[in-house]
Amino acid sequence: TVQAPAAPQRYSFVVASNRLPVDRVIDPDGTARWANSPGGLVTALEPVMRANNGAWVGWAGQPDLQLDPFESDGISIVPVPLTADDIRMYYEGFSNDTLWPLYHDVISHPQYHREWWDSYVQVNRRFADAVAEVSEQGAVVWVQDYQLQLVPRMLREDRPDLTIGFFNHIPFPPYGIYSQLPWRTQIIEGLLGADVIGFQRLADANNFTRAVRRLKGFPTKGATIEVPLIDESVGVRAHGPIPEGKPFRTVIARHFPISIDADSFEEMARRPEIIERARQIREELGNPERIILGVDRLDYTKGIAHRLKAFGELLRDGSMTAGEVTLVQVASPSRERVEAYRQLRDEIELMVGRINGDYGTIGHAPVSYHHTSYPRDEMVALYLAADVMLVTALRDGMNLVAKEYVATRTDDDGVLILSEFAGASDELKRALLVNPHDIDGLKHAILRALHMPRAERRTRMRSLRRRVFEHDVAAWSSAFLAVLTGNGHAESLQA
Ligand code: G6P
């Protein structure tokens, strides 16, 4: 007997992101398993998911997987399949070789290919359909990040009953840059399908509303955009009769700086075995007087070359020696099939090799370089071992590494050097703020950090910690969801 397929389960709170919070991993022997990718977003949304019958829609990280919805750690997971071609054109192509460099100030040249755009439209449609299928009447939907900017409008057209939020985790560029995009208007229309569009910084929200004025001519007042209900281009096919006196929908575009689960980092930082591991790390490095740490995805937005240049020059100038100071650089592999990332890896590894070759001794390599990603506990031990944390991004939506470092420093010690081009610099004002393009300024900041008196380190770190603990990721998601349910027509969610 043939069984009719079970009707899909429906949910009242649905999150959609390109990547699921769990990754399908294929081991070398061919066996498949699920690995948690426990980002802060999951931690923040987990309680909201449980209290509100929630589900997460996204890609499992491997080509051509047709998977039924399942439960993972109490979260309902709804996988969306991507073919090898989708991965090449929608993910590696349009998302990471067009939008990513364009939205990060064209640090690398964005590639514009029409077939990548077609694939982006197609995959966004697939996500929108998957969300529509599992959302119950009147559900709240929260779409995440630049890979899915067309989903809000597609959803609004099909399901005007939904309350739709969108959050952009990366910067939104100034109009002069954004306007390069051949599909600039379609993206704006896609986003305007949402009730609330969240950004990291005030500047990002302002860049967006300016693009709306330039491309659509819709009136904006502060964070509010009036989208005319008569305008077919912004997903109002199913709006019904236009209310008298208010022939528009209001869309809110505001900043909501994202954060981390600060308590969980602090809790780990207090564990004796992690404190012991931090001591061991220092020892394994040959007990240098000072350890400087960099932790990044290996991405050209992170300014890794700038930091290596400054560090190498300090060794050259004799301002420090290999035995005194070690730079630990963790560079986690990322988007390795995209050409710009391959080139970056070669460039960085050449620089590391040169510095170690020129200034290392038999016992001490000045740069301890690791092309890998470490588990959370090892990261916390590294944070504890680091006297100076170096974040030199050329452009970064937020930079959570900066916040993680601060959260682990229960001893009120350690110095954060932070790029003013990272979103985190709007909040972490007591860090040593730097312009990473200014190599002399960067060198000066590194020396200042290395020699900063204990009392100053303490005052600064205390102020940074206050900010991070008062504005953690739970505060971020509840702030966003409160504005979303206030502007949409949904009941407010259970906390
Ligand atoms: C950034 C983006 C995320 C993305 C992450 C990792 O933080 O904002 O959307 O998931 O990088 O990149 P990947 O391409 O591996 O998902």
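Only heavy atoms go into these numbers, but all of them, side chains included; no hydrogens, no water, no symmetry mates. Each ligand, and each atom within it, is numbered from 1 in the order the structure gives.
Residue Tyr91 approaches ligand 1 through these ligand atoms, each under 4.0 Å from one of its heavy atoms: 13 (P), 14 (O), 15 (O). Each of the following atoms of ligand 1 lies closer than 4.0 Å to a heavy atom of Ile170: 8 (O). Atoms of ligand 1 lying under 4.0 Å from any heavy atom of His169, numbered from 1 in the order shown and given with element: 8 (O).
Residue Arg460 holds its CZ atom at 12.0 Å from CG of Leu428, rounded to the nearest 0.5 Å.
With no hydrogens or angles considered, a side-chain donor-acceptor pair links Glu71 and Ser76 at under 3.5 Å. Gln144 and His169 share a donor-acceptor pair across their side chains, judged by distance under 3.5 Å alone.
Partner of Tyr120 under the ring pair (Phe, Tyr, Trp, His ring centres under 6.0 Å) criterion, chosen from Tyr146, Phe127, Tyr112, Phe94: Phe94.
Within the 4.0 Å heavy-atom criterion, neither part of Asn18 lies near ligand 1.
Taking 4.5 Å as the limit, some side-chain heavy atom of Val328 sits within range of a side-chain heavy atom of Ile291. Contact annotation: the side chain of Ile225 approaches that of Phe208 to within less than 4.5 Å [non-hydrogen atoms, C-beta and beyond].
An N or O contact shorter than 3.5 Å links Arg335 to ligand 1 by distance. In terms of N/O distances under 3.5 Å, ligand 1 is not approached by Tyr146. At least one N/O-N/O distance between Asp145 and ligand 1 falls below 3.5 Å. At least one N/O-N/O distance between Arg19 and ligand 1 falls below 3.5 Å.
In this structure, atom 7 (O) of ligand 1 is not in close contact with the protein, since no protein heavy atom lies within 4.0 Å of it.
Note on ligand 1: Gln147 sits in its first shell, one or more heavy atoms being nearer than 4.0 Å.
Phe256 and Phe167 have their aromatic ring centers separated by at least 6.0 angstrom.
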